[in-house]
Amino acid sequence: MKRCIGSIAAMALCLLPLACSPGPVRIAVMTKLESGSLVGSSEINAARMAVEDRGMGGRVVIVPYDDGWLPDKTRVAWERLRADGIDLVVTSHVSTCALVVAELCEGQDVLVFVTGATTGLLTDRADAIIRNVPDVRAEQAAVAAWVRSRSPSHVVLLRDTDNWAYTEPARDAFLAGLGTSAWREVTVSMQDLDMDAARAALAAEPYDFLYLLIGGAQSAAGTYAQLGRLLEPDCDILFTPWLKSSNLVAAAGPALEGAWIPAFYPKRGTDPAVDGFVDRFRESFSYAPNFVGLNVYAAVEILLDRLADGKRRPRDILASIVGHELRTSFGPLRFDAEGDVERPIYMIDDIAGEFPE
């Protein structure tokens, strides 16, 4: 009788999605995992939080892969995760790395969920890639409209040339929406900092608005902000959404006074769901997550819900996402037929306040 009851229980367990799979489903998270990086650890911890919050620990495992946000390392990381048999991938890297993954995943039975690359070169493509961040053109059109409303007399774009797949189309979209304001461009490399050259270029002409067109959570952006404010103490400073992290707060210091950052989530203190997540994260890990961590959490939530529904093949999961509005802890997201979304932009003036002590 006991054996019969045990058999019935085992059969019932096998009716539950994932319960009788040969092993846990593995989801790769590809990001920068250099020693001491709060950015990468924020995203890995956010992904693991999603698994635990959904009660799927043991049935789903998050596997980190370090690509350093560098295209060459992205190729290596991709080859490793595919050799490991993983076909569900969440990425939080920059646009130049996203283009590498787009090339490598073509024709493969995989699903790639992009959470931090807005390059327009991934837009309007019916492929294995979906994103919960908007296209760079929509992002920069909103930013340009806000800058235009402030009527600056002379704008300087300090642009990172390393992440060209983001910063070049971002520049073009921004300038298309800027209007008649005078502007000039200063180019820099985040991989090969030359502060003396940047200082000379910035000082060449006066400016009253400095836009740091830099993608990825590059802490050096804070140093450039301090330099820009040193040369023009009264200038406004604008960062890109991708710089929103505690690293920026530490690096920019007093230059955050009179500085702004666009965001895909409302200002702290205005959205209980976002604030609640940040507070729980801080309680668990003793630091505040970067905002892409929220994107990673939401992406993993969406994948987990599909897995819980019994979908396992990447193509089936993809079909259940594109063209649908899906729930996340931070509100609904509607994915178009090519797997892209539209999201509002919020302008944050208290950047340090986004990362409470």
Side-chain angles (χ1 to χ4, degrees), residues 32 34 37 39 67-74 93-99 116-121 136 139-140 143-144 147 152 154-176 178 181-256 258-262 290 292 351:
K32 180 193 293 186
E34 63 190 9
S37 171
V39 175
D67 72 353
W69 293 357
L70 298 170
D72 288 343
K73 293 187 69 174
T74 297
H93 48 210
V94 297
S95 290
T96 48
C97 296
L99 294 182
T118 62
T119 174
L121 297 176
V136 66
E139 170 194 300
Q140 290 301 313
V143 170
V147 174
H154 193 105
V155 176
V156 170
L157 280 72
L158 189 145
R159 184 175 66 85
D160 170 29
T161 57
D162 295 330
N163 187 20
W164 57 267
Y166 169 67
T167 65
E168 287 184 8
R171 174 198 58 200
D172 295 344
F174 174 77
L175 292 176
L178 182 60
S181 295
W183 65 275
R184 61 188 174 94
E185 181 179 63
V186 172
T187 57
V188 296
S189 166
M190 292 294 105
Q191 301 302 317
D192 186 17
L193 300 181
D194 188 341
M195 301 306 294
D196 290 337
R199 181 184 183 118
L202 286 172
E205 297 179 44
Y207 53 90
D208 61 345
F209 197 102
L210 175 61
Y211 183 15
L212 295 159
L213 193 49
I214 299 169
Q218 303 280 0
S219 59
T223 306
Y224 282 119
Q226 291 209 48
L227 176 61
R229 185 57 63 67
L230 177 67
L231 295 172
E232 292 286 353
D234 297 325
C235 74
D236 284 338
I237 293 178
L238 178 66
F239 300 99
T240 66
W242 312 104
L243 294 172
K244 188 182 176 188
S245 72
S246 57
N247 290 339
L248 175 66
V249 174
L256 292 183
W260 301 75
I261 194 165
N290 70 321
V292 180
I351 301 173

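Below, each value reflects all heavy atoms present in this structure, side chains not excepted, and no hydrogens, waters or symmetry copies. This is a predicted model, so every value here is computed, not measured.
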Notebook entry, point to check: Given the rule in the side chain to side chain contact (heavy atoms under 4.5 Å, CB included) test, do V156 and E205 qualify, once you have shown the distances and angles that lead to the verdict?
Noted result: CA-CA 9 Å; V156 170; E205 297 179 44; over 6 Å; no
Check: Would I261 and L238 count as a side chain to side chain contact (heavy atoms under 4.5 Å, CB included) if you check the C-alpha gap in whole Å, the side-chain angles of each, and the deciding distance to 0.1 Å?
Finding: CA-CA 6 Å; I261 194 165; L238 178 66; 5.8 Å; no
Next item on the list: Before giving the answer on side chain to side chain contact (heavy atoms under 4.5 Å, CB included), spell out for M195 and L227 the whole-Å C-alpha distance, their side-chain angles and the decisive distance to 0.1 Å.
Entry: CA-CA 8 Å; M195 301 306 294; L227 176 61; 3.9 Å; yes
Next item on the list: Would you please test L158 and L210 for side chain to side chain contact (heavy atoms under 4.5 Å, CB included) and show each step?
Entry: CA-CA 7 Å; L158 189 145; L210 175 61; 4.1 Å; yes
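Heavy-atom minimum distance, A203 versus L231: N-CD1, 4.1 Å. Contact between A220 and M190 at its shortest, heavy atoms only, is CB-SD, 4.2 Å. Summarising the geometry of A255 relative to A259, their closest heavy-atom pair is O-CB, 3.6 Å, with the distance given to 0.1 Å. The two residues L212 and A221 come nearest to each other via the heavy atoms CD1-O, 3.8 Å.
At least one donor-acceptor pair under 3.5 Å links the side chain of D208 to the backbone N or O of H154. Of the possible donor and acceptor atoms, one in the side chain of T167 sits under 3.5 Å from a partner among the backbone N and O of D160. With S189 contributing its side chain and D162 its backbone, the two residues share no donor-acceptor pair below 3.5 Å. Side chain of D194 to backbone of V188: no donor-acceptor contact under 3.5 angstrom is found. Although no hydrogens or angles enter the test, the distance criterion places no donor-acceptor pair under 3.5 Å between the side chain of R184 and the main chain of Y207.
Considering only residues two or more places apart in sequence or on other chains, E139 meets the side chain to side chain donor-acceptor pair (under 3.5 Å) condition with Y166, W242. Residues that satisfy the side chain to side chain donor-acceptor pair (under 3.5 Å) test with S95, not counting sequence neighbours, are absent from this structure.
The shortest side-chain heavy-atom distance between W260 and I237 does not fall under the 4.5 Å cut-off. Using a 4.5 Å cut-off on side-chain heavy atoms (C-beta onward), E168 and R159 make contact.
At a cut-off of 3.5 Å, with distance as the only test, a side-chain donor of D67 or H93 sits close to an acceptor on the other residue.
Identified under the side chain to side chain donor-acceptor pair (under 3.5 Å) test for residues 219-234, with sequence neighbours left out: none.
Distance CZ/R171 to CG/L178: 13.5 Å, rounded to 0.5 Å.
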